[in-house]
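Below: one structure, written as structure tokens.
In the text below, chain A, chain B and the rest are named by the order of the sequence lines, each starting its count at 1.
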Number of protein chains: 2
Amino acid sequence: MLTNKGSARKHLIALVGFGTVAQGLCKILIEKRDTLKRDHHFEFEIVAVSTRSRGTMFHPAGLSLSSLNYLSQNDTPFVENVKDWDAEEMIRESNATVVVELSHTNLVDAEPALTHCRTAFKTGKHIISGNKGPAALAYSEMKGLARKRGCAFLNEATVLSGTPTLSFFHSALKGNQISGLRGVLNGTTNFILSEMESGSSYDDALQQAETLGYLEADPSADIDGYDAQAKLAILASELFDLTIELGDIKREGISAITQVHIEEARREDKRWKLIASLSVRDDKIIAQIRPEKLALSDPLAQVNGTLNAITFSTDLLGDVTITGPGAGGVETGYAVLSDLLTLNEGVFA
Amino acid sequence: MLTNKGSARKHLIALVGFGTVAQGLCKILIEKRDTLKRDHHFEFEIVAVSTRSRGTMFHPAGLSLSSLNYLSQNDTPFVENVKDWDAEEMIRESNATVVVELSHTNLVDAEPALTHCRTAFKTGKHIISGNKGPAALAYSEMKGLARKRGCAFLNEATVLSGTPTLSFFHSALKGNQISGLRGVLNGTTNFILSEMESGSSYDDALQQAETLGYLEADPSADIDGYDAQAKLAILASELFDLTIELGDIKREGISAITQVHIEEARREDKRWKLIASLSVRDDKIIAQIRPEKLALSDPLAQVNGTLNAITFSTDLLGDVTITGPGAGGVETGYAVLSDLLTLNEGVFA
């Protein structure tokens with residue numbers, strides 16, 4: 001069994017945003033406090049939480065369990081440990097050692113998350129982001145600022161929700177050269193396509209996805225492939241250390257797919273999937289998102305519902321595929337925990 | 001990108017056995033010497049190679065490229081740097097820091113590999129084993145001896161050939177509690193079943209597997225599930241720190257499956273797979289190997305040819321599956337490299 005040989009220290013966590021992912025993370029951290037300490041020498045306190053509508057809570061020694069439970073079970077303004085700070089001030093002024101950025105993703109200018117990250121690095125705090133904006137739009141700048149301050153900039157939660165893709169790449173595939181990847185990177189569109197396979201119309205499936213809370217605030221982010229586009233940009237940076245502009249990733253969503261297409265594919269023993277692909281040749285990236293009609297024997301054709309999957313093309317192992325959850329508060333919360341454990345081991349740069 | 005912060009030092013490697021896996025490993029090490037140094041601060045020399053029929057080669061400063069090429073391209077006795085040592089003596093007397101144990105797997109008493117491992121630990125050398133014997137039959141003893149001497153006992157190459165399963169579990173799933181697993185763990189039987197799906201008789205498929213070099217020296221190891229049984233025992237130790245005797249793993253092979261069964265399954269939209277499963281309840285392991293008729297929608301039903309796959313049932317992520325190669329010299333050689341890099345990082349216990 002591998003063990004962490006890094007020096008144990010206590011991580012003081014500040015959360016920007018308190019939606020389903022932050023709540024999932026808190027649930028895990030609270031339930032696993034003892035095993036995380038025993039098995040991973042990981043100790044923490046959540047010292048601050050800042051939200052747009054409910055205010056900011058802060059306690060330098062850590063918010064109490066009852067405060068965190070209150071946070072999870074209510075959506076009224078905070079009543080204990082209230083602090084007159086916005087997120088910026090919380091990042092700057094609190095004693096947090098690591099900021100978990102979980103505000104809404106903005107793929108136009110990445111704000112306010114981008115400013116949050118800059119402030120965190122300026123004040124020597126690590127960033128773990130579940131927000132795709134900073135990594136998709138400003139990876140190089142972020143990584144540069146982080147390095148300069150000896151800080152981490154970790155993004156596991158931005159790619160395949162909870163499925164530990166970046167960790168898999170950095171740890172389990174080490175030593176391989178990757179020439180490309182193909183994946184089902186968006187759980188919501190995959191859910192919609194799977195519902196349509198089961199007979200739903202596009203509109204009904206979309207409605208169902210909304211009811212279940214799978215849709216982004218702006219549904220177009222999922223449906224039209226912007227979410228997958230951002231994920232590909234992040235993968236390009238993480239896997240290849242190469243920058244690609246979002247606009248340089250060809251993008252086609254699923255809104256033109258109808259029951260006629262679904263039926264036609266079925267007759268051909270095929271299935272529609274929104275496929276994100278990326279390949280690298282001579283340090284140049286070619287990336288695109290588009291619906292593809294896959295043979296049922298294609299492993300990605302069997303990735304149904306909100307599952308996600310990614311196939312890495314490697315020089316030593318050929319294709320290696322990882323399949324796992326593509327949505328969910330606890331699942332995505334786990335990705336943040338995974339980054340916290342990476343931080344704890346001190347193996348980042 | 002993650003980087004290794006451990007202190008760089010040169011690993012002096014001794015190989016026990018020089019079959020396809022050792023040759024695959026050497027090919028990778030020689031081709032990637034520069035990138036392994038640059039990207040992973042990993043430096044090495046292969047100082048010794050011992051075989052049963054060709055003798056032992058040794059040079060304390062490292063065997064030359066031409067010697068290693070000679071090794072790979074000939075099966076005549078060694079001509080350069082010949083040393084009058086058997087494997088035991090090589091392990092004891094050479095200046096190796098790590099012994100890569102790649103002699104033939106013996107699931108009766110694990111010899112001679114077991115003695116090789118004991119000698120290595122006694123003389124303070126790490127063991128990386130591609131031989132399933134020591135880990136399947138004597139994991140606790142091996143791990144105990146290794147710990148006592150501050151040595152590693154690493155077994156990535158024993159489970160899913162090149163697919164980095166243990167590394168995935170230890171690194172990418174860290175923090176999860178695993179309640180069980182299901183997998184296609186034997187590439188050869190999976191190849192035979194896939195050939196039978198394509199119309200071959202059992203005998204023809206078996207013959208084909210032999211021609212392609214997929215069968216173990218004793219075909220029964222594959223066909224009757226002994227290989228998968230050993231892999232499950234290793235997984236029980238690695239994942240759950242629990243010991244299970246091989247005899248306590250229920251085992252049924254594929255030799256009773258005929259074209260009649262294959263056809264019957266096809267009519268039901270199903271497919272036969274040799275499934276290894278393991279679950280843990282109250283620290284008690286239940287493990288078995290048996291052919292199962294899977295619905296085509298089951299992700300494991302789509303794992304064809306010599307591919308392997310394993311699905312981990314986790315508390316935070318639900319099911320997470322990894323799929324990759326289950327055979328091949330370079331592929332399995334990669335698993336040894338993966339362990340060498342783990343050793344280099346110093347994160348083992």
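For a heavy-atom cut-off of 4.5 Å, chain B lies close to Ile28(A), Lys32(A) in residues 24-32 of chain A. At a heavy-atom cut-off of under 4.5 Å, chain B is reached by Asp315(A), Leu316(A), Leu317(A), Asp319(A), Val320(A), Thr321(A), Ile322(A) from residues 310-322 of chain A, listed in order of number.
Ranking Ala309(A), Ala301(A), Pro325(A) against chain B, the residue ahead of the rest is Pro325(A), based on heavy-atom pairs under 4.5 Å. The greatest number of non-hydrogen atom pairs below 4.5 Å with chain B, out of Gly162(A), Gly328(A), Gly324(A), is found for Gly162(A). Ranked by heavy-atom pairs under 4.5 Å with chain A, the first of Leu173(B), Asp298(B), Thr35(B) is Leu173(B). Across Thr163(B), Leu296(B), Asn176(B), the residue that shares the most heavy-atom pairs under 4.5 angstrom with chain A is Asn176(B).
For the residue pair Ser171(B) and Ser171(A), the shortest heavy atom distance occurs at CB-CB, 3.3 Å.
With no hydrogens or angles considered, a side-chain donor-acceptor pair links Thr342(A) and Lys174(B) at under 3.5 Å.
Looking at Gln177(B), the atoms closer than 4.5 Å to chain A (heavy atoms on both sides) sit in the backbone and in the side chain alike.
Counting only residues at least two apart or in different chains, ring-ring contact (aromatic ring centres under 6.0 Å, His included) contacts with residues 317-338 of chain B are absent. Evaluation of the side chain to side chain donor-acceptor pair (under 3.5 Å) test over residues 322-333 of chain B, restricted to residues two or more places apart or in two chains, returns Ser161(B)-Thr332(B).
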